[in-house]
Amino acid sequence: PEKIEAILTWKPPLGIMEKFPHLKGIISFGAGVEEILRDPQLPQNVPIVRIVEPCLTSRMTEYILLAVLRFHRQAFQYQTFQKARHWEPLPLPETSSCTIGILGLGVLGADAAMKLKTLGFPIRGWSRTPKNIDGIECFYGPDQLKLCLSKCRVLVCLLPLTPETEGILNRETFSAMPKGGYLINVARGQHLVETDLLEALDSGQLSGACLDVFSREPLPESHPFWSHPQITITPHVATQTDNEYWTEPIVDAIRCLRDGLPLKNVVNCEQGY
Ligand code: NDP
Ligand code: OXD
């Protein structure tokens with residue numbers, strides 16, 4: 001342990017970091033770092049670097065586009081029609097009438113926002129600090145959340161998991177959206193209050209949800225989400241990087257640590273992301 005200077009990890013066991021007295025840096029395999037930050041014995045002043053990588057970003061945007069377009073182009077209704085051998089053309093909805101709200105305008109949220117915008121969807125984004133992004137209606141802070149939600153037919157969660165964002169996808173949030181909206185959670189399972197989602201689907205406040213992340217992963221076999229007709233489930237695969245892309249930012253971070261150069265994508269431990 002005395003020889004270790006850099007650690008590459010995603011979900012380290014609690015307390016392990018303090019066993020390395022000469023640690024210079026922690027490199028997270030993932031974009032989300034809540035599993036590293038939860039350790040109360042995490043050494044102070046050891047920087048944490050997280051993965052930011054173009055392939056990770058574009059694959060996330062791909063997933064979100066797929067989920068948005070499936071909702072927008074009535075894929076679920078046509079699936080039901082097909083099962084019933086029922087031929088019924090529905091009116092084609094206008095993209096301009098489907099405002100998409102993105103919670104989190106960071107690396108991933110901003111990319112998804114820009115690409116959805118080019119398809120013609122009106123975009124609203126919400127972040128912690130104020131932003132000015134061309135063509136995107138930007139909102140920030142808890143006081144502007146409901147205003148942001150008030151027109152969102154689709155809500156995408158791309159927030160980091162922090163004490164402020166845990167449970168943010170709840171009854172109040174869903175109620176602030178127009179009735180019949182659609183939820184896409186690609187951030188963390190703990191953002192979602194599961195019983196509130198089931199209630200919102202039952203009442204029609206939400207018409208469906210696409211979930212990639214869950215409080216317990218793998219999602220237990222007995223979980224009601226599996227068989228819910230309005231829920232689409234994927235096993236935490238919204239995005240992933242391949243080794244060929246992934247090694248570059250990792251090697252770069254190790255080099256910078258070794259040579260005492262400024263690190264990129266350092267986590268702000270106080271903010272929690
Ligand atoms: P970033 O750190 O780049 O962006 C986070 C965004 O969230 C920022 O815009 C930030 O605001 C905003 N934010 C943070 N806290 C709050 C708050 N309290 N209120 C409002 N806005 C807030 O993160 P990434 O875009 O790289 O990643 C986002 C998350 O996506 C990760 O933390 C991870 O959990 C998840 N993820 C999921 C994957 C999957 O496969 N399902 C894969 C990769 C990531 P500001 O800009 O003002 O700082
Ligand atoms: C990540 C993830 O945070 O894959 O990178 O969830």
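Computed from heavy atoms alone, side chains included, the values below leave out hydrogens, waters and symmetry copies. Numbering of ligands and ligand atoms starts at 1, following listing order.
- Distances from atom 2 (C) of ligand 2 to the heavy atoms of R50, E35, E53, H236 put H236 nearest.
- For ligand 1, the atoms lying closer than 4.0 Å to a non-hydrogen atom of K131 are 45 (P), 46 (O), 47 (O).
- Remark: ligand 2 and G30 share no N or O pair separated by less than 3.5 Å (distance only, no angle test).
- Aromatic ring orientation, Y182 versus F71: parallel (interplanar angle below 30°, classes split at 30° and 60°).
- The ring of H223 has its center no closer than 6.0 angstrom to the ring center of F214.
- If you number the atoms of ligand 2 from 1 as listed, the ones under 4.0 Å from a heavy atom of G32 come out as 1 (C), 3 (O).
- Each of L155, I168, L158 was evaluated against W126; a single residue qualifies, I168, per the side-chain contact (heavy atoms from CB on, under 4.5 Å) test.
- For Y273, a nitrogen or oxygen atom sits less than 3.5 Å from a nitrogen or oxygen atom of ligand 1, counting backbone and side chain alike.
- Contacts between D212 and ligand 1 below 4.0 angstrom, taking non-hydrogen atoms only, involve the side chain exclusively.
- Between the side chains of T234 and Y63, a donor-acceptor pair is found at a separation under 3.5 Å.
- Within ligand 1, counting atoms from 1 as listed, the ones closer than 4.0 Å to a heavy atom of V213 are 41 (N).
- Residue L159 places a heavy atom under 4.0 Å from ligand 1.
- Close to ligand 1: T165, with a non-hydrogen atom less than 4.0 angstrom away.
- Annotation for ligand 1: atoms under 4.0 Å from non-hydrogen atoms of M60 are 37 (C), 38 (C), 39 (C), 41 (N), 42 (C).
- Between Q240 and ligand 1 there is no heavy-atom distance shorter than 4.0 Å.
- The closest approach between a heavy atom of W10 and any atom of ligand 2 is below 4.0 Å.
- Not one N or O of W126 is nearer than 3.5 Å to an N or O of ligand 1, by distance alone.
- Only the side chain of R188 comes within 4.0 Å of ligand 2, judged by heavy-atom distances.
- Here the closest non-hydrogen pair linking A6 and L257 is CB-CD1, 4.0 Å.
- Residue contacts with ligand 1: G104 is placed with no nitrogen or oxygen under 3.5 Å of a nitrogen or oxygen of the ligand (distance criterion only).
- Hydrophobic clustering, with ILVMFWY side chains joined whenever heavy atoms are under 4.5 angstrom apart, keeps L161 apart from I102.
- Residue contact check: T129 has heavy atoms under 4.0 Å from atoms 45 (P), 47 (O) of ligand 1.
- Proximity of E34 to ligand 1 is not established, as no heavy-atom distance is less than 4.0 Å.
- In R50, the part holding a heavy atom less than 4.0 Å from any atom of ligand 1 is the side chain.
- With H22 contributing its side chain and P1 its backbone, the two residues share no donor-acceptor pair below 3.5 Å.
- Atoms of ligand 1 found under 4.0 Å from any heavy atom of E164, numbered from 1 in the order shown, are 18 (N).
- Close approach of ligand 1 to A31 is summarised as follows: ligand atoms under 4.0 Å from at least one heavy atom of the residue are 43 (C), 44 (C).
- Other residues, nucleotides and ligands contribute only 12 or fewer heavy atoms inside 6.0 Å of the CD atom of E248.
- Remark: ligand 1 and G106 share an N or O pair separated by less than 3.5 Å (distance only, no angle test).
- Aromatic ring orientation, W10 versus H236: perpendicular (interplanar angle above 60°, classes split at 30° and 60°).
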Pair K146, E172 - check salt bridge (charged side-chain N to carboxylate O under 4.0 Å, His left out), show working. CA-CA 9 Å; K146 282 200 178 146; E172 232 184 298; 2.8 Å; yes
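- By the 6.0 Å contact criterion, CZ on R38 is enclosed, its count of non-hydrogen atoms from other residues, nucleotides or ligands being greater than 12.
- Counted by atom type alone, T162 and E164 present one or more donor-acceptor pairs between their side chains at under 3.5 Å.
- When only interatomic distances are considered, the shortest N/O to N/O separation between A31 and ligand 2 falls below 3.5 Å.
- Contacts between Q271 and ligand 1 below 4.0 angstrom, taking non-hydrogen atoms only, are absent altogether.
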